[in-house]
Structure formats: C-alpha cells, structure tokens
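Quick note on labels: first sequence line is chain A, next is B, and so on, each numbered from 1. All of these numbers come straight from a predicted model, not from anything done at the bench. We use all heavy atoms of the structure for the numbers below, so side chains are in, but hydrogens, waters and symmetry mates are not.
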Amino acid sequence: MSNLTHCKIGEIGKFAGQEVLIRGWLYNKRSSGKIHFLLVRDGSEILQAVMTKDSVPEKTFKAFDLLTQESSLMVSGKVREDKRAPGGYELEINEIEIIQFAKDYPITPKEHGVAFLMENRHLWLRSSRQIAILSIRNEIIFSIRKFFYDKKFVLIDTPILTSAIGETGTTLFETQYFDLGKAYLAQTGQLYVEAACMAFGNVYCFGPTFRAEKSKTRRHLTEFWMVEAEEAFYDNNDNMNLQEELIEYIVSWVLEKCQKELEVIERDTTFLKKVKRPFPRISYEEAVKLLQSKGAKIKFGEDVGGDEETILANSYDKPFCVYNYPKKIKAFYMKPHPEREDLVLNNDMLAPEGYGEIIGGSQRNDDYDSLVARIKEEKLPLEAYEWYLDLRKYGSVPHSGFGLGLERTVTWICGLPHVRESIPFPRMLYRLYP
RNA sequence: UGGGGUGUAGCCAAGCGGUAAGGCAACUGGCUGUUAACCAGUUUAUGCGGAGGUUCGAAUCCUUCCACCCCAGCCA
C-alpha cells in the first residue's frame, strides 16, 4: 500500500485511471448493505470512496462497520470520474488501513449551538465551513504580503512586548518584565514602524496585537492580527489611495483564488465584485450631516458609533473612506489639518454590507514642537516617547500610515455574522480555551 | 461596565405549579449508487446550571451565585 503514489484529494482529477493512496480522516459514511460509501477528507477536499461486497476481500468490506466519524485512515484504490460522486471523482477501494479509531466524536453532521462549537473549536476546525473560512484567511494574508512585496515595502517585525507606549485610551495586557518593571502586550506596531519608515522609506508590519478592552461585540477580539503600513513622503490623500489599492487587490485575489471556498460558505459575491476603485470618500463633517438627515442623533465632535457606522455602511455598495475627524476624538500622533485646527488628517475605511470599520489611518504629526504639545495635552509620559520624538528631530519628513484589521477583513469578505470564526483560536473576553 | 436573554441526556430541543415530549448521535437488523441516504427496532435524565427557600407537590414561583449569548461604549 505504502509504495503507491500518495495523492491529495484536491488534485485527484490528475490521477484518473490510476491507483493512488489517500491519507486522511473519515468525514462520514453511508451504505446500502452490499455497497459502502466512505467520505474521506484530507484537508484539501472530501472524496467519496466506494466498495461493494464483490469488489474487495471480506475483511476490507467489514472494515466499514468498524469505522467511525473522524477515525484516521489510509485508503488505496483506482480513481474514476463519476458524476454521481460529490466532486466528480470517486475512488474504487482496494485496501483500507485504519490508523486510529475515533470514539464518539462530539461534533456530528447536524446543528450545534455556538457555545458548544466554541468549546470544541479544536475539533470544529475540521468542518468544511471552517476549513473554507480559514483557507480564505490564508489567501488574504498571502495577498497582503504579496501586495506589499511587489510594491517594495519592507516587512518590519515590531515587538510584542513593549514598555508603556502606544495610543491612549485602550487598556493593555500587562506582565512583569524581570527587573525592568511592567511590560505590555503591543496594541499596535505603528510607532515602531514609523521609526523603520525613516530607515527604509516604505514599510509594514503584520502581527498579533492585544487589547484588554472589555468589549463583547461581534467585531472585537482581545487578540487580533493587524497589518500596519507606513509610508515616507505620503500625505493623507496618498495614504487613502494606497488603502484603496490594497483592498481592491485583496478582494480580487480572493475572488480569483477562493471560488470553491466562497461557494462552500454560500457567500453572495455580488458586492465583492463591485470592489473596484475609486471608492467613495466623505469628510467627517459631510458624514455627520448625512447621518443627521437620516435621523441619527450624532453631533459634530462626537465619534461615529456602531449604529452610525452601520447606517453609513449601508449607504454605499463598496468600501468607503471617512476622513478629517475632529482632533479631540483622535490619537495624539495624527497631523493637524493645516487650515482647520480642530480637525486632523486621518481616515477610516468602512466595509459595506453593514460591516463597518476595517482600516484606521492618518498622516502623522512630523513636527517636533506640536507633537510634544499634544503628548503633554494627553498627559502621556514624555520620557517614554523620547525615541519617538527623535524621529522628528533627525530628518523628519511628511509620512502617513494605516492599520488594517485582518479578522474584520476576513469577516466582511466571508460575510460572517461574527469575527470569532475568522481566526483559528479566538481570544475574547470570556474565551481563553481551547 | 450598563441593558436584554439563555442554561433540560453526548448534541439540538418541548414543557411555563400536578410528577420529564420529540429529533440527532450511539447500538441492533435490512437494503448494490448513496448525497447531512433510507426503513425497522433498542438504549440514554430519581433528574432540568449550583445552593437555598415558598408549596401537599417545583424544570416551572422567589432569593442568591455561576457559566454563556446578544446589544451598547472603546476600537482594527
């Protein structure tokens, strides 16, 4: 058996007429008495394998009775094209070797509640829907890296353990760092990527970030992956152009590479196909007026809340940017608007279909004095930002950057109701297991 | 942290003051083309998230605790 060609089910079509070896797990089985069907999965696809009482030795035929859902096994046989089989190809079984019997696999091919599935996330990953979603995640990650690589952006890995530095407001996870006091899990790599930007020109980081916020909503995780680009000599407008180009690239990549997966999760791709530049852009002030005209209670100076985000996100059929927010609701490092002191040069990008914010970006404050003033205004510890301020002392240039939330992007592209399925092992307020 | 909700067998779920439906899974048998196969049968809760209480009687009403879900704030 082992001297046969091992074949991934996803490539089974190339082996029609040949005898191959499949290694995987039993997804399900059916029988009509003298004919048995095994559904075997191997991570690439599911394959139907058949045997009849006359086609195999009795011992092989009887192996069917022993097999249980998710038992690991090797099956050999001849590949045949057959319209009756799901996937169009079928395996005529010669031999079966059971590697391990699975006893009472908890997730049956029926409906289950979210709580139960999350508790069994380590097994839930094996279901076709979860495999499809995480495969799309894989393609999205790859497309992002390729996008930046092709544009000659340099990948800069930023530290996960940091001293107290970052944005204001958000709560951080802390841990004792030897004798040096407290260390915090990074909530952003931005400040570091700004330093690297002054070394390489265009850079990005892509890693996990942590927020100890007690948010329990469908769009929040305590640990999530973020792509942060930082571009020297880009203004806010150049920054938005780059964001749009990236989003268009990711979506077209997924549409090209993940057709099968999108079908499995039954994603209606109508809106995804419309994700072509240019995207609509609306200033914060216009957005407030638009929202007020639609009956929202938002006032100038207030942040755009979840409900408002949903109203806006339903007003467009493709991603769009809201730019130039009031200074007082945004981070200290954003560059003030040259003509409007109360505004900053920034933008959020919101995904359509009610998904909301996926990107936050801004032109950075590159002026030493006004940045120091802002840090003091926010009552941040100036000493911690000394190295960051150095960047404004030694060859400061206009620069911009943005952060894209990976899980929110996956959730939107897959059309999921909640971010928790967009990451293999979600970390949430009430979830640390498995 | 506020507001709302749920917890009954391995899973899903009915019952809403009178003594625990049903389905799936599992198990047994039947079927040579099944598609979450089908058909027939068998088994599973002195107990309904935990602890108190009211009552002749509690899954059901009350108190309290726990776990989880949804919405809001914060943000990616």
Participant: At under 4.0 Å between heavy atoms, what does Arg219(A) touch on the DNA or RNA strands: base, sugar-phosphate, or nothing?
Facilitator: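 Contact class for Arg219(A): base.
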Participant: When we call it a touch if two heavy atoms are under 4.0 Å apart, what does Thr209(A) touch: a base, just sugar-phosphate, or nothing?
Facilitator: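 Contact class for Thr209(A): none.
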Participant: Name the closest nucleotide to the Thr217(A) side chain, picking from rA76(B), rG33(B), rG73(B).
Facilitator: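 So the side chain of Thr217(A) is nearest to rG73(B).
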Participant: In terms of ring plane angle, is the pair Phe147(A) and Tyr249(A) parallel, tilted or perpendicular, where the classes change at 30° and 60°?
Facilitator: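 Rings of Phe147(A) and Tyr249(A): tilted, 30 to 60°.
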Participant: Can you identify which nucleotide, out of rC31(B), rU34(B), rU32(B), has its nearest atom closest to the Ser31(A) side chain?
Facilitator: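 For Ser31(A), the side-chain atoms sit closest to rC31(B).
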Participant: Name the nucleic acid region contacted by Asp303(A), choosing base, sugar-phosphate or nothing; use a 4.0 angstrom heavy-atom cut-off, strictly under.
Facilitator: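 Since only primed, P, OP1 and OP2 atoms lie under 4.0 Å of Asp303(A), the category is sugar-phosphate.
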Participant: Whole-Å distance between rA76(B) P and Leu350(A) CG?
Facilitator: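 After rounding, the reported distance stands at 12 Å.
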Participant: How is Pro106(A) classified with respect to the nucleic acid when contacts are heavy atoms under 4.0 Å: base, sugar-phosphate, or nothing?
Facilitator: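 Nothing, no heavy atom under 4.0 Å.
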Participant: With heavy atoms under 4.0 Å as the rule, sort Glu223(A) into base, sugar-phosphate or nothing.
Facilitator: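 Nothing, no nucleic acid heavy atom in range.
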Participant: Among rG2(B), rC75(B), rC74(B), which nucleotide sits nearest the side chain of Lys216(A)?
Facilitator: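 In terms of side-chain proximity for Lys216(A), the closest of rG2(B), rC75(B), rC74(B) is rG2(B).
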Participant: Which is more 5' along RNA chain B, the nucleotide nearest Tyr430(A) or the one nearest Gly405(A)? Just name the residue.
Facilitator: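 First, find each residue's nearest nucleotide; the 5'-ward one identifies Tyr430(A).
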Participant: RNA chain B: stems of at least 3 consecutive Watson-Crick or G-U pairs, cut-off 3.5 Å?
Facilitator: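 In RNA chain B, stems of three or more pairs: B:1-7 with B:66-72, B:10-12 with B:22-24, B:26-30 with B:38-42, B:49-53 with B:61-65.
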Participant: State whether the distance check finds a donor on one side and an acceptor on the other, under 3.5 Å, for side chain Ser215(A) versus base rC74(B).
Facilitator: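 Indeed, a donor on one side and an acceptor on the other fall under 3.5 Å apart.
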Participant: Of all the choices, rC75(B), rG33(B), rC70(B), which nucleotide is nearest to the side chain of Arg420(A) once you look at every atom?
Facilitator: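 Ranking rC75(B), rG33(B), rC70(B) by closest atom to the Arg420(A) side chain puts rC70(B) first.
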Participant: Check every strand shown and say whether Glu407(A) touches a base, only sugar-phosphate, or nothing at a heavy-atom separation below 4.0 Å.
Facilitator: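 It contacts nothing in the nucleic acid.
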Participant: Give the nucleotide from the list rC70(B), rC11(B), rU34(B) with an atom nearest to the side chain of His112(A).
Facilitator: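 Of all the options, the side chain of His112(A) is nearest to rC11(B).
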Participant: In terms of side-chain heavy atoms of Arg80(A), which of rG33(B), rC75(B), rC31(B) is nearest?
Facilitator: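 Of the options given, the side chain of Arg80(A) lies nearest rG33(B).
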Participant: Any N or O donor-acceptor pair linking the side chain of Arg408(A) to the base of rC75(B) at under 3.5 Å?
Facilitator: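 Side chain to base: pair found, below 3.5 Å.
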Participant: Can you tell me which nucleotide in rC70(B), rA25(B), rG33(B) comes closest to the side chain of Val50(A)?
Facilitator: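 Ranking rC70(B), rA25(B), rG33(B) by closest atom to the Val50(A) side chain puts rG33(B) first.
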Participant: Between rC12(B), rA26(B), rC75(B), which nucleotide has the shortest distance from any of its atoms to the side chain of His220(A)?
Facilitator: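 Per side-chain heavy atoms of His220(A), the pick is rC75(B).
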Participant: So what does Ile107(A) hit on the nucleic acid, given a heavy-atom distance under 4.0 Å: a base, only sugar-phosphate, or nothing?
Facilitator: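 Nothing, no nucleic acid heavy atom in range.
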Participant: Go through it in stages, so that I can follow the logic: the residues are Ile140(A) and Ile413(A), the test is side-chain contact (heavy atoms from CB on, under 4.5 Å), and I'd like the CA-CA distance, side-chain angles, deciding distance and then a yes or no.
Facilitator: CA-CA 9 Å; Ile140(A) 290 174; Ile413(A) 291 178; 3.9 Å; yes
Participant: Taking the minimum atom-to-atom distance to the side chain of Ile35(A), which one of rC70(B), rG33(B), rC74(B) wins?
Facilitator: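 Closest nucleotide among those given: rG33(B).
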Participant: Nearest to the Arg211(A) side chain among rG73(B), rU34(B), rC75(B), which nucleotide is it?
Facilitator: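 Comparing rG73(B), rU34(B), rC75(B) against the side chain of Arg211(A), the answer is rC75(B).
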Participant: Once you measure the plane-to-plane angle for Phe173(A) and Phe210(A), does it fall in the parallel (<30°), tilted (30-60°) or perpendicular (>60°) bin?
Facilitator: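 Answer is perpendicular, since the angle exceeds 60°.
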